[in-house]
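Before any comments, here is the structure.
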Amino acid sequence: IQNIKFFKSVEGNKNTLSRVFALMREIRQSRSKFTLVCGDNQKSLLIGIYLKLFNGSKVRIQTQFHGDTYSFRFNKGLRGIVRVCLSRLGIISSESIRIVSKFQIDEIISFATKSHQKFVLAPIPIDYSRIAIPLNNKTIDLSFIGRLHQERGIVELIKIINLVKEASPEIRIVIAGDGPM
């Protein structure tokens, strides 16, 4: 623990380049190997790939996927295409891939067959005390539990719920989650 050094995130808007170069110096001067955890599949991933490119086997990359940013299914338009391409670049160049759901393994392996040894499953726990309806309530017909953000297909979920409610207005639907949407 005494030899652990903490660095400010390289993802900040100010002094990003100087932080990246300071991390580069630290990696080159050290005898240790580094695992860079890329929390997003854009800026920090590109920085991780850059550091790996210039430091070889001393740098390992872990890419994290909290939602579907790796398929074209939910990522439309130019912005979506760029997001998918960067995510897939992360899958190819990472030594480990952290996911939050088991089904992501099959999805990623469907287009990146060599990635099957890279997965680390770290599920997001559900805090049942934050769900307002008792767990033994049998009047729920359909529920969605999860983080509400674009990559989860929330817009599509709302469309589906509207269709279901039009067909069967008596159906009871519960949504439990937080997030930007």
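Under a hydrophobic-cluster definition in which Ile, Leu, Val, Met, Phe, Trp and Tyr are linked whenever side-chain heavy atoms come within less than 4.5 Å, directly or via other members, Ile173 and Ile158 are assigned to the same cluster. Residues Leu53 and Ile27 are members of one and the same hydrophobic cluster, defined by side-chain heavy-atom contacts under 4.5 angstrom among Ile, Leu, Val, Met, Phe, Trp and Tyr. Note on Phe34: it clusters hydrophobically with Val20, by side-chain heavy-atom contacts below 4.5 Å among ILVMFWY residues. In the hydrophobic clustering of this structure, Val164 groups with Ile175; members are Ile, Leu, Val, Met, Phe, Trp, Tyr whose side-chain heavy atoms approach within less than 4.5 Å, directly or through other members. Hydrophobic clustering (ILVMFWY, side-chain heavy atoms < 4.5 Å, transitive): Leu17 and Ile47 are in one cluster.
Between atom CD1 of residue Ile97 and atom SG of residue Cys38 there is a gap of 11.5 Å, rounded to the nearest 0.5 Å. Rounding to the nearest 0.5 angstrom, the gap separating the CZ atom in Arg172 from the NZ atom in Lys165 is 9.5 Å. In this structure, CD1 on Ile154 lies 13.0 Å from NZ on Lys159, to the nearest 0.5 angstrom. Separation of atoms CG (Leu46) and CG (Leu86) is listed at 5.5 Å; rounding is to 0.5 Å. Atoms CD1 and CD1, from Ile92 and Ile49 in turn, are 9.0 Å apart once rounded to the nearest 0.5 Å. Going from atom CD1 of Ile91 over to atom CD1 of Ile61 covers 13.0 Å, rounded to the nearest 0.5 Å.
Partners of Ile105 according to the side-chain contact (heavy atoms from CB on, under 4.5 Å) rule, which considers only residues two or more places apart in sequence or in another chain, are Ile99, Ile109, Phe119. Every residue two or more places apart in sequence or in another chain that forms a side-chain contact (heavy atoms from CB on, under 4.5 Å) with Leu36 is listed here: Leu23, Leu51, Val59.
At distances below 3.5 Å, not a single donor-acceptor pair connects side-chain atoms of Asn162 with backbone N or O atoms of Leu157. Between the side chain of Ser94 and the main chain of Gly90, a donor-acceptor pair closer than 3.5 Å is present. A donor-acceptor pair under 3.5 Å is formed between the side chain of Ser110 and the backbone N or O of Glu107. With Gln104 contributing its side chain and Ser101 its backbone, the two residues share a donor-acceptor pair below 3.5 Å. Under the 3.5 Å distance criterion, the side-chain polar atoms of Ser168 are left unmatched by any main-chain donor or acceptor of Glu170. Judged by distance alone, with hydrogens and angles left aside, the side-chain atoms of Thr69 form no donor-acceptor pair with the main-chain N or O of Arg83 at under 3.5 Å. With hydrogens and angles disregarded, a donor-acceptor distance shorter than 3.5 Å links the side chain of Ser115 to the backbone of Ala112.
Listed by chain and number, the hydrophobic cluster partners of Val120 come to none, as no ILVMFWY side chain reaches under 4.5 Å of it. Applying the under-4.5 Å side-chain rule to Ile, Leu, Val, Met, Phe, Trp and Tyr, the cluster around Val84 extends to Phe72, Ile81.
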| task | Go through the steps for Asn55 and Arg28 under the test side-chain contact (heavy atoms from CB on, under 4.5 Å), then give the verdict. | result | CA-CA 7 Å; Asn55 293 288; Arg28 286 191 172 165; 3.2 Å; yes
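The aromatic rings of Tyr70 and Phe111 are tilted relative to each other, their planes meeting at an angle between 30° and 60°.
Residue pairs satisfying the salt bridge (charged side-chain N to carboxylate O under 4.0 Å, His left out) criterion with at least one member in residues 86-95, sequence neighbours excluded, are listed as follows: Lys52-Glu95. Note on residues 53-66: no pairs pass salt bridge (charged side-chain N to carboxylate O under 4.0 Å, His left out), not counting sequence neighbours.
Here the side chains of Gln62 and Gln64 are in contact, with some heavy-atom distance below 4.5 Å.
Smallest separation of non-hydrogen atoms from Lys102 and Leu121: CG-CD2, 3.5 Å.
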